Amino acid sequence: MARPYDFKTLEAKWQRIWEERRAFRVTEDPAKPKYYCLEMYPYPSGKIHMGHVRNYSIGDVVARYFWMRGYNVLHPMGWDSFGLPAENAAIEHGVHPATWTTENIAYMRKQLKQMGLSYDWDREITSSDPDYYHWNQWLFLKMYEKGLAYKKPAFVNWCEVCQTVLANEQVEGGQCWRDESEVIQKELDQWFFKITAYADELLDGLDRLSGWPERVKTMQRNWIGKSVGAEVEFPLVGGLGPITIFTTRQDTLYGATFMVLAPEHPLALQLGQGSPEVQAFVERMRVEDRIVRTAPETEKEGVFTGAYAINPLTEEHIPIWVANFVLLEYGTGAIMAVPAHDQRDFEFATRYGLPIRVVIQPEEQALTVEDLEKAYEGEGVMVNSSSFSGLPSAPGREAVVLYLEEKRIGKRAVNYRLRDWGISRQRYWGTPIPIILCERCGTVPVPYADLPVLLPQDVEITMKGGSPLTRLESFVNVPCPTCQGPARRETDTMDTFVDSSWYFLRFCSPQARDQALEKPKVAYWMPVDQYIGGIEHAVLHLLYARFFTKVIRDLALISHDEPFENLLTQGMVCKETSRCPQHGYRFPYEVDAQGHCTECGQPVEVGRTEKMSKSRRNVVDPDDLLSRYGADTARLFSLFAAPPEKDLEWSDRGVEGAFRFLNRVYRLVDGWVEELRHPAPRISFAALTIGRPLCQKAHLAIKKVTEDIDRDFHFNTAIAALMELVNMLGLFELHGGPEEEAERRAVARFAVETLLILLAPFAPHLAEELWERLGHGRNIFEEPWPTYDVEAIQREELLVVVQVNGKLRSRISLPADAGEEDLRLAALQDSRVQTWLEGRQVKRVVVVPKKLVNIVTDQ
RNA sequence: GCCGAAGUGGCGGAACUGGUAGACGCGCAUGGUUCAGGACCAUGAGGGCGUGAGCCCGUGGGGGUUCGAGUCCCCCCUUCGGCACCA
C-alpha cells in the first residue's frame with residue numbers, strides 16, 4: 001500500500017534534522033568562494049505575511065542553489081524590532097513593548113522555521129537588543145566626532161497620530177507613510193546625520209551598481225536631485241547686500257527682471273522694514289502650514305519689499321519681492337526671476353505686472369514678449385545678452401560662469417534636493433541617543449566606556465504626547481561626564497532606519513562582544529552578493545544603507561564602497577478583492593457560495609486585483625497555507641506563479657496546482673523506490689535505446705533550470721522545466737522486455753535523481769525525503785549541482801520549418817548533420833511546398849541552419 | 001506635467017541574441033478508473049471558415065524597416081509605479 005504524501009510529518013522531520021545538524025551554520029573558509037545572500041529582515045509585527053513568504057522563498061532558493069554550486073553561503077536572518085507598533089500595542093493592550101516584541105519574534109521565528117528556510121540561526125540578531133543598539137550608539141558617537149551627527153533647530157515633519165517627527169523620506173504626498181494622516185510642520189531641536197556630505201558619492205556610485213534595477217537607481221538619482229549651476233551675487237541698491245542666488249540657467253541672467261526672497265529669508269523683514277504689508281505677509285507665511293504653502297496647486301503670491309537690487313550684468317535696478325513659492329532650504333533661499341524662461345516666474349510676473357524680457361531664442365520659432373503665453377524653458381541661442389548674444393545655451397552657461405568668476409561676483413555651484421537625515425524621534429521604543437546636555441558644558445557625548453545607554457524598562461507608556469522617557473527622572477537626571485555637575489540626558493531616540501543601515505555588516509560577526517564589527521570576518525563576507533526585498537525601500541533604507549557603508553568605510557572598519565552588489569526588488573503579492581455595496585471590502589468567508597454578502601445578502605462585486613492588505617480584506621494567512629498544504633507547496637507556488645520581480649497574483653487554484661505537482665512527484669518516486677534503490681550500472685548515452693528520450697529530457701532540465709536561475713532568477717520557467725520532466729517520467733514504463741530491464745532502471749534512476757536535485761532548492765523537504773528513501777545517506781544539498789551532457793541534448797533529427805514568403809507552409813524532418821544545401825533542397829522538394837510554388841518563380845531562398853527555410857517568390 | 005515599467009488565449013504566465021506565438025500551470029471538455037463523488041490517469045483545445053486535406057485572422061491601436069517582427073524604429077491609446085513650485 002502506497003504511503004500518502006504526509007507533508008506535515010515529513011517537513012517537521014527534515015526541519016528537525018537540519019536544526020540538529022546545524023546544517024546551515026557557516027564560518028569563514030578561504031578555500032571556498034563565498035556568497036552572501038540576504039533578504040530584508042522583517043519588523044516583528046506579530047505574524048509573517050505573504051510578502052514575507054515570497055521574499056524568503058526567493059532568497060532561500062538562491063541560497064540553496066549557490067550552496068549546491070559549492071559556494072560558502074552566508075544566509076542570516078534577524079529582527080528589525082524597534083519601532084512604533086510596539087508602543088501602540090503597549091497603549092492599546094497594556095503590554096510592555098519589550099514583551100510584545102519578544103513574543104512576536106518567538107512566533108515569527110517558528111513560522112520561518114516552518115517554511116524550512118536555510119538560515120544560519122546562530123547569527124540571528126535583534127535590533128532592540130542592547131548587544132545590537134549599543135553599536136548604533138557607538139556609530140553615532142563616531143559620526144558626532146566627525147561632524148556627521150549634529151543638532152539644529154529645524155522645521156520637521158510632525159505626525160499628530162504617531163506623535164513624532166518623520167524624515168522627509170517618510171512623508172508621502174503630505175501624509176505619514178505609516179498611517180496616512182496629514183503631516184504638519186513644527187520647529188524643534190533635532191539630531192541630523194549629514195548624508196549630504198556624501199551626496200556626490202551616493203550619486204556617482206549608482207553608475208557602478210550594474211546589478212541594481214534601473215528604476216531603483218533612477219529613483220535614488222531623483223531623490224538626490226543634483227543641479228549644477230552658479231551662485232550669483234546681486235548687490236543691493238544703497239550699498240547693502242549682496243543677495244546671493246542659485247541658478248542652473250545663468251544663460252538667462254540678462255532676462256532677470258526681479259528677485260524673490262523666501263519669506264523666512266533674513267533679508268525679507270529687513271528690507272521690508274517700513275512696510276506693514278511685508279511684515280504681515282511674512283508673518284502669515286510663517287504660520288501657514290508649509291506643506292500647503294509649497295503644494296504646486298497653491299497660487300503664487302507675494303509682496304514688493306520696496307527695495308531694489310542691481311542685475312550684475314545689465315546693471316539695471318530690479319525690484320525685490322518676497323513670495324511663497326521660494327523655499328529657504330533650497331539653494332540660497334533667494335532667486336533671480338526670469339519670467340520669459342521660467343514658468344513660475346512667468347506666472348508671478350503676469351499676476352503682478354512685472355517686466356518680461358526674452359533672452360533665449362529657440363531654433364524653430366521666434367519668441368516675442370507680446371505673444372508669449374507661457375515661459376519658454378528650453379534651450380536656444382542667447383539674445384539681448386550683450387557680448388554673449390549668439391551663443392547657444394550650453395556654451396553660454398559656461399561663458400557666463402567664467403565671466404562671473406573673473407569679476408568675482410559669482411561662482412560655479414551645485415545644489416542637491418537631498419537634505420540631511422533627521423534621526424530624532426520623540427518616542428520610547430528606539431535606540432537612546434547617547435548625548436548628555438549640561439548647562440555648563442553644553443552638549444556632551446556619553447563616554448564610550450559608559451555605552452550602551454540602556455533603554456529603561458520601567459516606563460509608563462500612555463497616549464500623552466511626547467516620549468515617556470522625558471518623564472522618567474531616573475533616566476533623565478545624570479551627572480555631566482565632563483564637569484560632574486547636574487545634567488540631563490537626551491531623551492530622543494533614533495529613527496529605526498539607523499538600525500537597518502548596517503545590520504548586514506553585523507551579520508558577519510553577530511556575537512562580537514566588544515566591537516561593532518570584526519574586520520577580518522566582514523572583509524571575508526562583504527559585500528552582500530544578493531540582496532532581496534520590496535521596492536518600497538528603493539529610496540529610504542537602500543539609500544541610508546549605502547550612506548552608512550561609506551561612513552563606516554571612512555572609519556576604516558571596512559574597505560568596500562557599496563553594500564549590495566546585486567539587488568532584486570520583488571513584486572507585490574496581490575489578490576482580487578470583494579466589495580459589498582453596503583459593507584465595503586469583504587473577506588472570502590463573508591461572501592456566500594452565491595456571491596452574496598453574509599451580512600446583508602446583497603450581491604458582492606468582485607473588484608480588481610490589488611496588493612494584499614488587511615484593510616482590503618484580501619489577505620491569505622501563511623499559517624493556513626502551511627497547515628493545509630505545507631511549506632514546499634507554499635514556496636513552490638509563490639515561485640511558480642510569476643517571475644520574482646513582477647507582481648504575483650494569488651490564486652487558490654494555483655496553490656492546489658503546486659500541491660498536486662508535489663503529490664505527483666511523491667507518488668512517482670515513492671512508487672519506484674523498491675526498484676530503484678540499488679544503483680544500476682550507468683549506461684553511456686550513446687548506447688541508450690528505449691531510455692534515450694527520458695535521459696535527454698533530464699539533461700535538458702539540468703540546462704534549463706541552471707540557466708533560468710543564473711539568468712535573473714526566473715524560477716517560474718525553471719519549475720516549468722521540472723514539470724516537463726515529471727510529465728515524461730510519468731509516461732515512462734519501468735518494466736519492458738528482459739534485455740531492456742537494466743537500461744530502463746538505470747535511466748529512470750538517473751532521471752529521478754536529477755529531478756530531486758534540481759527540485760531541492762524549491763521544495764527542499766520533499767527532495768530530502770525522497771532522496772533518503774532512494775538510499776542516500778547524506779543531505780541532498782550536499783550533492784553537487786549537476787551539469788548536462790552536451791552530447792545528450794543534441795538531437796539526431798531536426799524539425800525544420802519551411803516558409804513560403806514568410807508564411808509557415810510545412811515542416812520537414814532532417815538528420816542533424818544536414819548542411820545548408822541539404823536544407824534548401826529538401827525544402828524545395830517538399831510536396832506541400834511544391835503546391836505553393838506552382839506558377840511562381842523562386843527569387844531567393846533564405847536558410848537558417850538547423851532551423852528554418854524561407855522561400856521567397858515573385859508574387 | 002516629467003521620468004520609468006508594462007499591455008500576449010477564459011486566467012497566471014512562456015518565447016535567451018528578429019526565425020514554428022501561446023512552454024508550464026489553472027480552468028474547461030471528452031474518455032478511463034470508481035457504486036458514486038473526490039482524487040488519479042489519458043486525450044483535446046487561440047479565434048473564425050471548411051465534411052476534409054487545409055485556408056484566413058491573430059501578441060493594445062496605426063504606420064515603417066526586413067525574406068521574416070510579440071521582439072527593432074516612429075506616432076498614438078490604456079494601466080501601474082516614482083517624482084513634482086528644487087530656481
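The chains referred to below are lettered A, B, ... by the order of the sequence lines, with proteins before strands, and numbering in each begins at 1. Please read all numbers here as calculations on a predicted model, not as lab measurements.
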Does a nitrogen or oxygen in the side chain of [X] sit under 4.0 Å from OP1 or OP2 of [N]?
X	N	value
A:Asn716	B:A14	yes
A:Trp223	B:C86	no
A:Arg809	B:C56	yes
A:Lys851	B:G68	no
A:Thr717	B:G13	no
A:Arg832	B:A53	no

Examine the side chains of [X] and [Y] and answer whether a donor and an acceptor come within less than 3.5 Å of each other.
X	Y	result
A:Tyr5	A:Thr633	no
A:Asn854	A:Arg844	no
A:Gln343	A:Glu347	yes
A:Asp708	A:Thr717	yes
A:Asn618	A:Thr577	no
A:Asp200	A:Tyr416	yes

Can you tell whether the side chains of [X] and [Y] come within less than 4.0 Å, N to carboxylate O?
X	Y	result
A:Lys850	A:Glu820	no
A:Glu377	A:Arg344	no
A:Glu536	A:Lys611	no

Proximity to the side chain of [X] - top-ranked nucleotide from [options]:
X	options	result
A:Phe325	B:C86, B:C85, B:A14	B:C85
A:Ala642	B:C56, B:G13, B:A23	B:G13
A:Val846	B:C26, B:A87, B:C67	B:C67
A:Arg711	B:C16, B:G25, B:G27	B:C16
A:Leu808	B:A14, B:A21, B:C85	B:A21

Contact check, side chains of [X] and [Y], non-hydrogen atoms, under 4.5 Å:
X	Y	result
A:Leu639	A:Ile719	yes
A:Gln803	A:Arg809	no
A:Asp858	A:Arg840	yes
A:Leu206	A:Leu202	no

Return the orientation label for the A:Tyr544 and A:Trp421 ring planes: parallel under 30°, perpendicular over 60°, tilted otherwise.
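The rings of A:Tyr544 and A:Trp421 lie parallel, inter-plane angle below 30°.
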
Looking at residues at least two apart in the chain, or sitting in another chain, which of them share a ring pair (Phe, Tyr, Trp, His ring centres under 6.0 Å) with A:Trp650?
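Partners of A:Trp650 under the ring pair (Phe, Tyr, Trp, His ring centres under 6.0 Å) test: A:Phe637.
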
What nucleic acid atoms does [X] come within less than 4.0 Å of, heavy atoms only: base, sugar-phosphate, or nothing?
X	value
A:Gln803	base
A:Trp836	sugar-phosphate
A:Asp647	sugar-phosphate
A:Gly225	nothing
A:Val801	base
A:Arg844	base

[X] [atom1] to [N] [atom2], straight-line distance once rounded to whole Å:
X	N	atom1	atom2	value
A:Lys704	B:A14	NZ	P	10 Å
A:Asp345	B:C86	CG	C1'	13 Å
A:Asn805	B:C67	CG	C1'	8 Å
A:Arg653	B:G13	CZ	P	17 Å
A:Leu662	B:A39	CG	P	17 Å
A:Lys850	B:G19	NZ	P	18 Å
A:Ile719	B:G13	CD1	P	14 Å

Please report the distance separating the [atom1] of [N] from the corresponding atom of [M], rounded so that it comes out in whole Å.
N	M	atom1	value
B:G9	B:G46	P	13 Å
B:C26	B:G13	C1'	10 Å
B:C35	B:C16	P	50 Å
B:C49	B:G10	P	15 Å
B:G54	B:G19	P	25 Å
B:C55	B:U66	C1'	25 Å
B:G18	B:U71	C1'	6 Å
B:C2	B:G68	P	36 Å

Contact list please: [range] against RNA chain B, heavy atoms, distance less than 4.0 Å, in numerical order.
range	value
residues 213-222 of chain A	A:Arg215, A:Thr218, A:Met219
residues 331-344 of chain A	A:Ile335, A:Arg344
residues 243-263 of chain A	A:Phe246, A:Thr247, A:Thr248

Is a donor-acceptor contact shorter than 3.5 angstrom present between the side chain of A:Lys843 and the base of B:C67?
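No such pair is found, so the answer is no.
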
Return yes when atom CZ of A:Arg628 has more than 12 non-hydrogen atoms of other residues, nucleotides or ligands closer than 6.0 Å, and no otherwise.
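12 or below, so no.
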
For A:Lys226, does the NZ atom have more than 12 heavy-atom neighbours from other residues, nucleotides or ligands under 6.0 Å away?
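Yes - once you tally the heavy atoms of other residues, nucleotides and ligands closer than 6.0 Å, there are more than 12.
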
Any chance you could measure [X], atom [atom1], to [Y], atom [atom2], to the nearest 0.5 Å?
X	Y	atom1	atom2	result
A:Asp345	A:Leu354	CG	CG	10.0 Å
A:Met336	A:Leu313	CE	CG	9.0 Å
A:Gln220	A:Leu543	CD	CG	4.5 Å

Where does B:G9 fall, syn or anti, if syn means a chi angle no more than 90° from 0?
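In terms of base orientation relative to the sugar, B:G9 is syn.
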
With nearest nucleotide decided by heavy atoms, which residue, A:Met723 or A:Leu852, maps closer to the 5′ end of RNA chain B?
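Its nucleotide being nearer the 5' end, the pick is A:Leu852.
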
In dot-bracket form, how is RNA chain B paired, counting a Watson-Crick or G-U wobble pair only if both its distances are under 3.5 Å and using | for bases paired to another strand?
(((((((..(((......[....))).(((((.......))))).((((....))))..(((((..]....))))))))))))....

Spell out protein contact along nucleotides 41-47 of chain B as letters: B when the base is contacted, S when just the sugar-phosphate is, - when no protein heavy atom is under 4.0 Å; keep the 5' to 3' order.
SS-----

